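Taking it in order: structure first as structure tokens, then the write-up.
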2 protein chains.
Amino acid sequence: MTLKQSYGIGELAREFDVTTRTIRFYEDQGLLTPRRRGQTRIYSPADRVALKLILRGKRLGFSLAESGDLIRLYQPTGDNRQQLGALLEKIDEKRTQLQQQLVDIQIMQQDLDAAEERARQALKELEESDV
Amino acid sequence: MTLKQSYGIGELAREFDVTTRTIRFYEDQGLLTPRRRGQTRIYSPADRVALKLILRGKRLGFSLAESGDLIRLYQPTGDNRQQLGALLEKIDEKRTQLQQQLVDIQIMQQDLDAAEERARQALKELEESDV
DNA sequence: GGGGAAGTTTACGTTAACGTAAAGTGGCCT
DNA sequence: AGGCCACTTTACGTTAACGTAAACTTCCCC
């Protein structure tokens with residue numbers, strides 16, 4: 001089975017577990033650009049990918065504006081050297097940010113390990129004092 | 001030189017590049033608990049660590065409430081089995097979340113790689129068409 | 001043809017995380 | 001004494017990211 005090439009708003013809402021209000025809001029912010037059949041919104045696979053990107057961004061604490069940037073990194077825009085240069089810079093910024101987040105995650109994971117260890121130790125001591 | 005054992009609010013603000021308003025706000029939220037000398041706040045190394053944790057959390061999109069949870073994972077509270085059980089669960093939740101974020105970061109990094117590749121390709125074509 | 005179900009627009013409401021301004025206190029310097 | 005910091009409290013303002021409610025249309029079903 002090949003990919004669907006269009007989606008309804010409710011369909012996307014269910015798939016990604018967001019409300020239709022949220023999806024319309026993203027459109028308002030210029031992050032999604034569904035076409036219309038009558039007055040009903042029809043979403044393309046590209047819209048679906050964009051939505052996925054937004055939600056992934058959210059999990060990493062990105063603002064909608066930042067996710068908008070990311071989405072635009074994908075749109076093959078008829079670009080001149082200026083814009084391509086700026087693009088490469090933006091990519092580099094994001095990469096730096098992601099690197100920092102990686103470090104943050106690693107530290108937090110170690111912290112969690114330590115916290116778990118202490119909790120287990122405390123449990124153990126409870127056991128022993130209570131034979 | 002051994003660690004300082006107390007800090008002023010401005011000092012912390014400078015070190016972590018936040019405003020004093022922000023630091024006081026965190027106290028309001030119960031995330032910091034400085035003692036007082038007169039009416040002036042004096043921060044302990046533990047407060048400083050907590051602040052660091054909060055800001056790290058922010059970089060990963062954690063809410064202040066979530067960072068509050070993390071901070072509490074560190075406070076050796078006189079715990080009973082119930083609480084320790086809940087603690088271990090919380091730790092596990094956070095671990096799962098961090099794992100998801102790791103995956104998200106990896107995907108984004110690949111996306112950035114692809115975007116950079118396309119940008120470089122576009123640049124190259126511009127060069128060639130413009131001998 | 002009446003009534004859901006799913007879509008739409010419009011608009012006001014809400015929460016988190018601070019910003020910003022005003023007015024006061026305490027110390028230190030010259 | 002005057003002045004300048006750095007600190008304090010109080011309080012109202014602001015922005016992002018939706019939630020919630022009301023009042024339509026459209027389509028489908030029986």
Side-chain angles (χ1 to χ4, degrees), chain A residues 4-44 47-48 50-72 94 97 101 104, chain B residues 4-44 47-48 50-72 94 97 101 104:
Chain A
K4 286 190 68 163
Q5 86 284 31
S6 79
Y7 308 84
I9 192 170
E11 194 176 353
L12 287 182
R14 255 166 286 133
E15 175 175 2
F16 294 109
D17 195 31
V18 297
T19 68
T20 59
R21 171 67 173 101
T22 295
I23 296 183
R24 290 195 195 96
F25 178 72
Y26 292 161
E27 177 179 355
D28 234 64
Q29 301 310 105
L31 304 179
L32 301 176
T33 52
R35 67 180 199 280
R36 300 285 185 128
R37 169 147 58 222
Q39 81 172 345
T40 300
R41 276 163 256 251
I42 309 285
Y43 296 87
S44 71
D47 286 320
R48 185 170 166 280
L51 180 52
K52 212 190 269 194
L53 229 153
I54 295 169
L55 299 177
R56 185 180 302 132
K58 282 202 60 176
R59 288 196 297 273
L60 292 174
F62 287 34
S63 71
L64 294 185
E66 288 178 301
S67 292
D69 287 353
L70 289 183
I71 291 174
R72 260 165 268 128
K94 289 297 168 188
Q97 182 184 348
Q101 290 189 285
D104 286 331
Chain B
K4 289 191 64 167
Q5 84 284 31
S6 78
Y7 308 85
I9 192 170
E11 193 175 354
L12 288 181
R14 256 166 286 133
E15 175 175 1
F16 294 110
D17 194 33
V18 296
T19 69
T20 59
R21 171 69 172 99
T22 295
I23 296 183
R24 291 194 194 97
F25 178 72
Y26 293 162
E27 177 179 356
D28 234 64
Q29 301 309 106
L31 304 178
L32 301 176
T33 51
R35 67 181 198 279
R36 300 284 185 131
R37 170 148 57 223
Q39 83 172 344
T40 299
R41 277 164 254 252
I42 309 286
Y43 296 87
S44 70
D47 285 320
R48 185 170 166 279
L51 180 52
K52 210 190 271 195
L53 229 150
I54 295 169
L55 298 177
R56 184 180 302 133
K58 282 202 60 175
R59 288 196 298 274
L60 293 174
F62 286 34
S63 70
L64 294 185
E66 287 177 303
S67 291
D69 286 353
L70 289 183
I71 291 174
R72 259 165 268 128
K94 290 296 168 189
Q97 182 183 347
Q101 290 190 283
D104 286 331

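FYI, side chains are in, hydrogens and waters are out, and symmetry mates aren't considered; it's all heavy atoms of this structure. Chain letters run A, B, ... following the sequence lines, proteins first and then strands; every chain starts at 1. From a predicted model like this one, the values you see are computed outputs, not experimental measurements.
- A distance of 10.5 Å separates CD of Q5(A) from CD1 of I42(A), quoted to the nearest 0.5 Å.
- Atom CG in D28(B) sits roughly 14 Å away from atom P in dG19(C) (whole-Å rounding).
- Distance check: Y7(B) OH to D47(B) CG gives 10.0 Å after rounding to the nearest 0.5 Å.
- In this structure, CD1 in I23(B) is found 5.0 Å from CD1 in I9(B), a value given to the nearest 0.5 Å.
- A pairwise comparison of heavy atoms in G57(A) and S67(A) identifies CA-OG, 4.0 Å as the closest pair.
- Between T19(A) and the phosphate of dC18(D), there is no side-chain N or O to OP1/OP2 separation shorter than 4.0 Å.
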Going 5' to 3' along nucleotides 5-17 of chain C, which nucleotides have protein heavy atoms under 4.0 Å from the base (write B), which only from the sugar-phosphate (write S), and which from neither (write -)? --SBB-B-----B

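- With a 6.0 Å radius and a threshold of 12 heavy atoms from other residues, nucleotides or ligands, R36(B) has its CZ atom above the threshold.
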